[in-house]
Protein chains: 2
Amino acid sequence: MTNSDAVDRIIHSAETQCLKRGSRLSKKRTLILRCLLLQEKPISAYGLIDTYREYFGGDMPATSVYRILGFLQENSLAHKLQLQNKYIACSHIACDHDHGSPQFLICVQCKAVKEVGNNVGLVTEMNKVFERSEFRMITPQVEMVGICDKCQRVDSG
Amino acid sequence: MTNSDAVDRIIHSAETQCLKRGSRLSKKRTLILRCLLLQEKPISAYGLIDTYREYFGGDMPATSVYRILGFLQENSLAHKLQLQNKYIACSHIACDHDHGSPQFLICVQCKAVKEVGNNVGLVTEMNKVFERSEFRMITPQVEMVGICDKCQRVDSG
DNA sequence: CCAAATAATGATACACTGTATCAAAATACG
DNA sequence: CGTATTTTGATACAGTGTATCATTATTTGG
(Lines give C-alpha, C1' and ligand atoms only; values in the text may rest on other atoms or scores of the structure.)
Protein backbone atom coordinates (compact mmCIF):
# COMPACT_ATOMS: atom_id res chain seq x y z
CA MET A 1 0.00 0.00 0.00
CA THR A 2 1.28 3.37 -1.00
CA ASN A 3 -0.29 6.64 0.04
CA SER A 4 -2.03 8.76 -2.53
CA ASP A 5 0.64 11.43 -2.93
CA ALA A 6 3.32 8.83 -3.35
CA VAL A 7 1.17 7.08 -5.93
CA ASP A 8 0.91 10.26 -7.97
CA ARG A 9 4.64 10.64 -7.89
CA ILE A 10 5.19 7.03 -8.96
CA ILE A 11 2.66 7.34 -11.77
CA HIS A 12 4.48 10.40 -13.00
CA SER A 13 7.74 8.52 -12.93
CA ALA A 14 6.12 5.67 -14.84
CA GLU A 15 4.92 8.07 -17.51
CA THR A 16 8.43 9.41 -17.92
CA GLN A 17 9.84 5.92 -18.28
CA CYS A 18 7.26 4.98 -20.88
CA LEU A 19 7.98 8.12 -22.85
CA LYS A 20 11.64 7.23 -22.80
CA ARG A 21 10.85 3.74 -24.04
CA GLY A 22 8.49 4.94 -26.73
CA SER A 23 5.44 3.32 -25.15
CA ARG A 24 2.26 5.03 -24.08
CA LEU A 25 0.87 4.92 -20.55
CA SER A 26 -2.76 5.45 -21.52
CA LYS A 27 -5.53 6.51 -19.18
CA LYS A 28 -6.77 2.96 -18.55
CA ARG A 29 -3.25 1.66 -18.07
CA THR A 30 -2.66 4.38 -15.53
CA LEU A 31 -5.79 3.44 -13.65
CA ILE A 32 -4.86 -0.22 -13.46
CA LEU A 33 -1.37 0.70 -12.33
CA ARG A 34 -2.97 2.91 -9.71
CA CYS A 35 -5.09 -0.02 -8.51
CA LEU A 36 -1.97 -2.11 -8.17
CA LEU A 37 -0.13 0.58 -6.28
CA LEU A 38 -2.96 0.95 -3.80
CA GLN A 39 -2.84 -2.71 -2.81
CA GLU A 40 -0.93 -4.04 0.15
CA LYS A 41 -0.64 -7.45 -1.39
CA PRO A 42 -0.55 -9.09 -4.78
CA ILE A 43 -3.93 -9.13 -6.46
CA SER A 44 -5.46 -11.35 -9.09
CA ALA A 45 -6.57 -10.11 -12.50
CA TYR A 46 -10.21 -10.52 -11.54
CA GLY A 47 -9.51 -8.91 -8.21
CA LEU A 48 -8.30 -5.92 -10.19
CA ILE A 49 -11.63 -5.76 -11.99
CA ASP A 50 -13.39 -5.45 -8.65
CA THR A 51 -10.88 -2.96 -7.32
CA TYR A 52 -11.20 -0.89 -10.47
CA ARG A 53 -14.95 -0.75 -10.05
CA GLU A 54 -14.64 0.28 -6.40
CA TYR A 55 -12.15 3.05 -7.02
CA PHE A 56 -13.21 4.39 -10.38
CA GLY A 57 -16.64 2.91 -11.18
CA GLY A 58 -17.49 1.10 -14.37
CA ASP A 59 -16.52 -2.33 -15.57
CA MET A 60 -13.22 -3.14 -17.14
CA PRO A 61 -13.42 -6.32 -19.21
CA ALA A 62 -11.08 -9.16 -18.29
CA THR A 63 -9.42 -9.08 -21.69
CA SER A 64 -8.46 -5.46 -21.17
CA VAL A 65 -7.12 -6.15 -17.73
CA TYR A 66 -4.92 -8.94 -19.01
CA ARG A 67 -3.71 -6.83 -21.90
CA ILE A 68 -2.89 -3.96 -19.64
CA LEU A 69 -1.12 -6.25 -17.19
CA GLY A 70 0.93 -7.51 -20.12
CA PHE A 71 1.84 -3.97 -21.04
CA LEU A 72 2.80 -3.08 -17.49
CA GLN A 73 4.99 -6.15 -17.24
CA GLU A 74 6.73 -5.43 -20.55
CA ASN A 75 7.49 -1.99 -19.25
CA SER A 76 8.72 -3.24 -15.89
CA LEU A 77 5.96 -1.42 -14.07
CA ALA A 78 4.37 -4.58 -12.68
CA HIS A 79 5.27 -8.19 -12.08
CA LYS A 80 3.33 -11.40 -12.13
CA LEU A 81 3.86 -13.72 -9.19
CA GLN A 82 3.79 -17.09 -10.85
CA LEU A 83 3.36 -18.97 -7.61
CA GLN A 84 0.08 -17.23 -6.91
CA ASN A 85 -1.19 -16.06 -10.28
CA LYS A 86 -1.29 -12.57 -8.86
CA TYR A 87 0.15 -9.24 -9.79
CA ILE A 88 1.96 -6.44 -8.01
CA ALA A 89 3.33 -3.07 -8.99
CA CYS A 90 7.06 -3.03 -9.32
CA SER A 91 8.44 -1.62 -6.10
CA HIS A 92 11.19 0.28 -7.90
CA ILE A 93 9.27 2.40 -10.39
CA ALA A 94 10.37 5.65 -8.83
CA CYS A 95 13.97 4.56 -8.43
CA ASP A 96 16.22 5.98 -11.11
CA HIS A 97 18.71 3.13 -11.00
CA ASP A 98 18.19 -0.02 -13.04
CA HIS A 99 17.22 -2.72 -10.61
CA GLY A 100 17.70 -5.86 -12.68
CA SER A 101 15.52 -8.93 -12.48
CA PRO A 102 13.00 -9.11 -9.71
CA GLN A 103 13.41 -11.52 -6.84
CA PHE A 104 10.48 -12.08 -4.52
CA LEU A 105 10.00 -13.36 -1.03
CA ILE A 106 6.50 -14.64 -0.41
CA CYS A 107 5.03 -15.26 3.02
CA VAL A 108 3.40 -18.65 2.92
CA GLN A 109 0.95 -17.61 5.60
CA CYS A 110 -0.24 -14.05 5.00
CA LYS A 111 0.81 -14.00 1.34
CA ALA A 112 2.66 -10.73 1.75
CA VAL A 113 5.33 -10.23 -0.85
CA LYS A 114 8.61 -8.41 -0.66
CA GLU A 115 10.49 -7.55 -3.81
CA VAL A 116 14.19 -7.64 -3.11
CA GLY A 117 17.00 -6.39 -5.28
CA ASN A 118 19.38 -8.60 -7.19
CA ASN A 119 21.40 -10.36 -4.55
CA VAL A 120 24.87 -10.92 -5.91
CA GLY A 121 25.67 -13.92 -3.77
CA LEU A 122 22.40 -15.62 -4.63
CA VAL A 123 22.81 -14.97 -8.33
CA THR A 124 26.32 -16.39 -8.21
CA GLU A 125 25.10 -19.57 -6.59
CA MET A 126 22.19 -19.87 -8.99
CA ASN A 127 24.67 -19.62 -11.82
CA LYS A 128 26.73 -22.42 -10.35
CA VAL A 129 23.70 -24.68 -10.09
CA PHE A 130 22.84 -24.01 -13.72
CA GLU A 131 26.37 -24.67 -14.89
CA ARG A 132 26.66 -27.92 -12.99
CA SER A 133 23.55 -29.10 -14.82
CA GLU A 134 24.63 -27.82 -18.21
CA PHE A 135 21.91 -25.21 -18.19
CA ARG A 136 22.54 -21.56 -18.77
CA MET A 137 20.93 -18.93 -16.55
CA ILE A 138 19.05 -16.32 -18.52
CA THR A 139 17.47 -14.40 -15.68
CA PRO A 140 17.94 -14.48 -11.94
CA GLN A 141 14.24 -13.82 -11.50
CA VAL A 142 13.01 -16.07 -8.74
CA GLU A 143 10.22 -16.46 -6.22
CA MET A 144 11.02 -17.89 -2.82
CA VAL A 145 8.53 -18.99 -0.21
CA GLY A 146 9.13 -18.27 3.46
CA ILE A 147 7.44 -16.71 6.43
CA CYS A 148 7.47 -13.01 7.13
CA ASP A 149 8.53 -11.27 10.31
CA LYS A 150 5.00 -10.50 11.44
CA CYS A 151 3.69 -14.02 11.00
CA GLN A 152 6.72 -15.44 12.78
CA ARG A 153 5.88 -13.36 15.84
CA VAL A 154 2.23 -14.32 15.80
CA ASP A 155 3.08 -17.99 15.46
CA SER A 156 5.56 -18.06 18.29
CA GLY A 157 3.57 -15.69 20.51
CA MET B 1 11.23 -40.78 -19.85
CA THR B 2 12.12 -43.95 -18.10
CA ASN B 3 12.15 -47.36 -19.73
CA SER B 4 9.59 -49.90 -18.71
CA ASP B 5 11.80 -52.09 -16.54
CA ALA B 6 13.13 -49.12 -14.67
CA VAL B 7 9.55 -47.92 -14.16
CA ASP B 8 8.62 -51.23 -12.57
CA ARG B 9 11.55 -50.95 -10.24
CA ILE B 10 10.65 -47.39 -9.29
CA ILE B 11 7.03 -48.30 -8.72
CA HIS B 12 8.13 -51.08 -6.41
CA SER B 13 10.31 -48.67 -4.52
CA ALA B 14 7.38 -46.29 -4.25
CA GLU B 15 5.19 -49.03 -2.80
CA THR B 16 7.82 -49.76 -0.19
CA GLN B 17 8.06 -46.12 0.78
CA CYS B 18 4.30 -45.81 1.11
CA LEU B 19 4.14 -48.91 3.23
CA LYS B 20 6.79 -47.41 5.49
CA ARG B 21 4.77 -44.21 5.74
CA GLY B 22 1.51 -45.98 6.37
CA SER B 23 -0.08 -44.76 3.14
CA ARG B 24 -1.46 -46.91 0.39
CA LEU B 25 -0.31 -46.81 -3.22
CA SER B 26 -3.56 -48.02 -4.74
CA LYS B 27 -3.96 -49.37 -8.25
CA LYS B 28 -5.11 -46.04 -9.72
CA ARG B 29 -2.40 -44.14 -7.94
CA THR B 30 0.13 -46.54 -9.35
CA LEU B 31 -1.20 -46.04 -12.87
CA ILE B 32 -1.02 -42.26 -12.63
CA LEU B 33 2.49 -42.49 -11.23
CA ARG B 34 3.33 -44.76 -14.13
CA CYS B 35 1.98 -42.17 -16.56
CA LEU B 36 4.18 -39.55 -14.97
CA LEU B 37 7.25 -41.76 -15.09
CA LEU B 38 6.75 -42.44 -18.79
CA GLN B 39 6.82 -38.74 -19.68
CA GLU B 40 9.91 -36.91 -20.81
CA LYS B 41 8.56 -33.62 -19.66
CA PRO B 42 6.19 -32.21 -17.08
CA ILE B 43 2.57 -32.85 -17.94
CA SER B 44 -0.65 -31.10 -17.00
CA ALA B 45 -3.41 -32.75 -15.00
CA TYR B 46 -5.63 -32.88 -18.06
CA GLY B 47 -2.71 -34.12 -20.12
CA LEU B 48 -2.53 -37.01 -17.66
CA ILE B 49 -6.15 -37.84 -18.37
CA ASP B 50 -5.30 -38.22 -22.07
CA THR B 51 -2.13 -40.16 -21.33
CA TYR B 52 -3.99 -42.45 -19.00
CA ARG B 53 -6.53 -43.21 -21.71
CA GLU B 54 -3.80 -43.92 -24.25
CA TYR B 55 -1.86 -46.26 -22.02
CA PHE B 56 -4.56 -47.97 -20.04
CA GLY B 57 -7.86 -47.17 -21.71
CA GLY B 58 -10.88 -45.76 -19.90
CA ASP B 59 -11.49 -42.31 -18.54
CA MET B 60 -10.16 -41.06 -15.28
CA PRO B 61 -12.17 -38.10 -13.99
CA ALA B 62 -10.33 -34.85 -13.35
CA THR B 63 -11.24 -34.89 -9.68
CA SER B 64 -9.55 -38.26 -9.27
CA VAL B 65 -6.45 -37.11 -11.10
CA TYR B 66 -6.13 -34.07 -8.88
CA ARG B 67 -6.67 -36.13 -5.77
CA ILE B 68 -4.12 -38.67 -6.83
CA LEU B 69 -1.63 -35.94 -7.72
CA GLY B 70 -2.17 -34.57 -4.24
CA PHE B 71 -1.45 -37.95 -2.74
CA LEU B 72 1.68 -38.42 -4.82
CA GLN B 73 2.97 -35.01 -3.79
CA GLU B 74 2.29 -35.65 -0.11
CA ASN B 75 4.29 -38.81 -0.42
CA SER B 76 7.14 -37.15 -2.30
CA LEU B 77 6.52 -39.27 -5.36
CA ALA B 78 5.66 -36.36 -7.61
CA HIS B 79 6.08 -32.61 -7.70
CA LYS B 80 4.05 -29.79 -9.08
CA LEU B 81 5.91 -27.23 -11.13
CA GLN B 82 4.24 -24.03 -10.08
CA LEU B 83 5.63 -22.02 -12.95
CA GLN B 84 3.88 -24.22 -15.48
CA ASN B 85 1.00 -25.84 -13.62
CA LYS B 86 2.43 -29.18 -14.59
CA TYR B 87 3.50 -32.28 -12.76
CA ILE B 88 6.48 -34.62 -12.83
CA ALA B 89 7.48 -37.77 -11.03
CA CYS B 90 10.11 -37.20 -8.40
CA SER B 91 13.43 -38.15 -9.93
CA HIS B 92 14.68 -39.67 -6.69
CA ILE B 93 12.03 -42.23 -5.88
CA ALA B 94 14.40 -45.16 -6.18
CA CYS B 95 17.20 -43.46 -4.25
CA ASP B 96 17.41 -44.64 -0.68
CA HIS B 97 18.87 -41.41 0.66
CA ASP B 98 16.66 -38.54 1.73
CA HIS B 99 17.01 -35.86 -0.91
CA GLY B 100 15.51 -32.84 0.78
CA SER B 101 13.44 -30.17 -0.91
CA PRO B 102 13.27 -30.23 -4.67
CA GLN B 103 14.98 -27.60 -6.76
CA PHE B 104 14.14 -27.39 -10.43
CA LEU B 105 15.78 -26.00 -13.51
CA ILE B 106 13.32 -25.29 -16.30
CA CYS B 107 14.29 -24.71 -19.90
CA VAL B 108 12.42 -21.66 -21.08
CA GLN B 109 12.45 -22.95 -24.63
CA CYS B 110 11.78 -26.68 -24.71
CA LYS B 111 10.25 -26.77 -21.20
CA ALA B 112 12.46 -29.66 -20.15
CA VAL B 113 12.91 -29.85 -16.41
CA LYS B 114 15.81 -31.09 -14.39
CA GLU B 115 15.39 -31.81 -10.71
CA VAL B 116 18.60 -31.04 -8.90
CA GLY B 117 19.56 -31.92 -5.37
CA ASN B 118 19.74 -29.50 -2.51
CA ASN B 119 22.64 -27.24 -3.36
CA VAL B 120 24.24 -26.17 -0.16
CA GLY B 121 25.72 -22.94 -1.48
CA LEU B 122 22.41 -21.89 -3.00
CA VAL B 123 20.48 -22.70 0.14
CA THR B 124 22.95 -20.69 2.20
CA GLU B 125 22.53 -17.66 -0.04
CA MET B 126 18.75 -18.01 -0.06
CA ASN B 127 18.87 -18.03 3.71
CA LYS B 128 20.87 -14.81 3.72
CA VAL B 129 18.36 -13.11 1.45
CA PHE B 130 15.52 -14.13 3.74
CA GLU B 131 17.34 -12.95 6.83
CA ARG B 132 18.21 -9.58 5.35
CA SER B 133 14.50 -9.07 4.73
CA GLU B 134 13.39 -10.36 8.08
CA PHE B 135 11.79 -13.39 6.52
CA ARG B 136 12.54 -16.91 7.57
CA MET B 137 13.16 -19.62 5.02
CA ILE B 138 10.93 -22.62 5.49
CA THR B 139 11.89 -24.61 2.44
CA PRO B 140 14.62 -24.22 -0.12
CA GLN B 141 12.25 -25.49 -2.80
CA VAL B 142 12.70 -23.31 -5.83
CA GLU B 143 12.12 -23.23 -9.57
CA MET B 144 14.63 -21.47 -11.76
CA VAL B 145 14.23 -20.66 -15.43
CA GLY B 146 17.15 -21.02 -17.82
CA ILE B 147 18.01 -22.67 -21.09
CA CYS B 148 19.12 -26.26 -21.40
CA ASP B 149 22.23 -27.60 -23.05
CA LYS B 150 20.43 -28.89 -26.12
CA CYS B 151 18.54 -25.67 -26.81
CA GLN B 152 21.72 -23.67 -26.35
CA ARG B 153 23.38 -25.64 -29.12
CA VAL B 154 20.43 -25.33 -31.45
CA ASP B 155 20.25 -21.60 -30.88
CA SER B 156 23.93 -20.94 -31.50
CA GLY B 157 24.35 -23.50 -34.29
C1' DC C 1 -8.39 20.53 -39.97
C1' DC C 2 -9.62 16.20 -42.08
C1' DA C 3 -8.94 11.57 -43.49
C1' DA C 4 -6.43 7.44 -43.26
C1' DA C 5 -3.57 4.59 -40.50
C1' DT C 6 -2.34 2.86 -36.12
C1' DA C 7 -3.07 1.83 -31.36
C1' DA C 8 -6.03 0.74 -27.58
C1' DT C 9 -10.17 -0.98 -25.70
C1' DG C 10 -14.61 -3.68 -25.64
C1' DA C 11 -17.58 -7.86 -26.41
C1' DT C 12 -18.12 -12.52 -26.93
C1' DA C 13 -16.88 -16.97 -26.70
C1' DC C 14 -14.15 -20.45 -25.16
C1' DA C 15 -10.17 -23.41 -23.22
C1' DC C 16 -7.61 -24.69 -19.26
C1' DT C 17 -6.89 -25.30 -14.18
C1' DG C 18 -8.71 -26.53 -10.03
C1' DT C 19 -12.23 -27.34 -6.13
C1' DA C 20 -16.63 -28.53 -3.61
C1' DT C 21 -20.04 -31.83 -2.79
C1' DC C 22 -22.24 -35.87 -2.63
C1' DA C 23 -22.70 -40.79 -4.39
C1' DA C 24 -20.74 -45.23 -5.32
C1' DA C 25 -17.24 -48.67 -5.08
C1' DA C 26 -13.30 -50.86 -2.99
C1' DT C 27 -10.65 -52.10 0.90
C1' DA C 28 -9.59 -52.96 5.77
C1' DC C 29 -10.89 -54.89 10.02
C1' DG C 30 -13.40 -56.78 13.87
C1' DC D 1 -19.48 -61.92 6.82
C1' DG D 2 -20.85 -57.20 7.88
C1' DT D 3 -19.49 -52.65 9.24
C1' DA D 4 -16.27 -48.76 9.05
C1' DT D 5 -12.94 -46.41 6.45
C1' DT D 6 -10.70 -45.23 2.32
C1' DT D 7 -10.71 -44.46 -2.42
C1' DT D 8 -12.86 -43.33 -6.59
C1' DG D 9 -16.66 -41.41 -9.60
C1' DA D 10 -20.14 -37.90 -11.10
C1' DT D 11 -21.70 -33.43 -11.34
C1' DA D 12 -21.40 -28.81 -10.96
C1' DC D 13 -19.00 -24.80 -10.68
C1' DA D 14 -15.31 -21.10 -9.72
C1' DG D 15 -10.95 -19.01 -11.22
C1' DT D 16 -7.40 -18.02 -14.77
C1' DG D 17 -6.33 -16.86 -19.24
C1' DT D 18 -6.60 -16.52 -24.54
C1' DA D 19 -8.52 -15.97 -29.33
C1' DT D 20 -11.15 -13.32 -32.35
C1' DC D 21 -13.41 -9.71 -34.13
C1' DA D 22 -15.76 -5.17 -33.49
C1' DT D 23 -15.45 -0.55 -31.81
C1' DT D 24 -13.35 3.56 -30.11
C1' DA D 25 -9.12 6.72 -29.45
C1' DT D 26 -5.06 8.54 -30.97
C1' DT D 27 -1.55 9.71 -34.11
C1' DT D 28 0.13 11.28 -38.49
C1' DG D 29 0.47 12.97 -43.17
C1' DG D 30 -1.67 15.85 -46.61
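Note that this is a predicted model, so its numbers are computed, not measured. Just so it is clear: chains get the letters A, B, ... in the order the sequence lines come, proteins before strands, and each one is counted from 1. Just the heavy atoms: all of them, side chains too, but no hydrogens, waters or symmetry mates, feed the values below.
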How long is the line joining CZ of Arg24(A) and P of dA7(C), in whole Å?
-> 10 Å
Does the base of dG17(D) carry an N or O that pairs as donor and acceptor with the side chain of Arg67(A) under 3.5 Å?
-> no
Name the closest nucleotide to the Tyr87(A) side chain, picking from dT9(C), dT19(C), dG17(D).
-> dG17(D)
When rounded to whole Å, the CD1 to C1' distance for the pair Ile43(A) and dG15(D) reads 14 Å
Can you check the Ile49(A) CD1 to dT16(D) C1' distance for me, whole Å?
-> 11 Å
In whole angstroms, how far is the P atom of dA8(C) from the CG atom of Leu72(A)?
-> 12 Å
Would you check, one step at a time, whether the test salt bridge (charged side-chain N to carboxylate O under 4.0 Å, His left out) holds for Arg34(B) with Asp8(B)?
-> CA-CA 8 Å; Arg34(B) 195 174 284 271; Asp8(B) 289 341; 2.9 Å; yes
So, is Lys28(B) close to the dA26(C) phosphate, meaning a side-chain N or O under 4.0 Å from OP1 or OP2?
-> no
What integer distance in Å separates Leu25(A):CG from dA7(C):P?
-> 17 Å
State whether Ser26(B) places a side-chain N or O below 4.0 Å from either non-bridging phosphate oxygen (OP1 or OP2) of dT7(D).
-> no
With nearest nucleotides of DNA chain C determined for Ser44(B) and Ile68(A) from heavy-atom distances, which residue corresponds to the more 5′ nucleotide?
-> Ile68(A)
Nucleotide nearest Met60(A) when distance is taken to its side chain, options dT8(D), dG10(C), dT9(C) = dG10(C)
Looking for any heavy atom pair under 4.0 Å, which part of the strands does Lys80(A) touch: base, sugar-phosphate only, or nothing?
-> sugar-phosphate
Value in whole Å for how far the P atom of dG15(D) lies from CG of Asp50(A) | 10 Å
Using a 4.0 Å heavy-atom cut-off across all strands, classify Thr63(A) as base, sugar-phosphate, or nothing.
-> base
Determine, for Arg9(A) against Asp5(A), whether the closest basic-nitrogen to carboxylate-oxygen distance falls under 4.0 angstrom.
-> no
Distance only, no hydrogens: is a donor on one side chain within 3.5 Å (strictly under) of an acceptor on the other, for Ser91(A) and Glu115(A)?
-> yes
If only side-chain N and O atoms of Asn85(B) are considered, is one of them under 4.0 Å from the OP1 or OP2 phosphate oxygen of dG18(C)?
-> yes
Rounded distance (Å) that lies between atom P of dC13(D) and atom OH of Tyr46(A) | 18 Å
Would you say the side-chain atoms of Asn75(B) and Gln17(B) include a donor-acceptor pair closer than 3.5 Å?
-> no
What is the distance, rounded to the nearest whole Å, between atom NZ of Lys27(B) and atom P of dT27(C)?
-> 11 Å
SB check Lys128(A) Glu125(A) (cutoff 4.0 Å) = yes
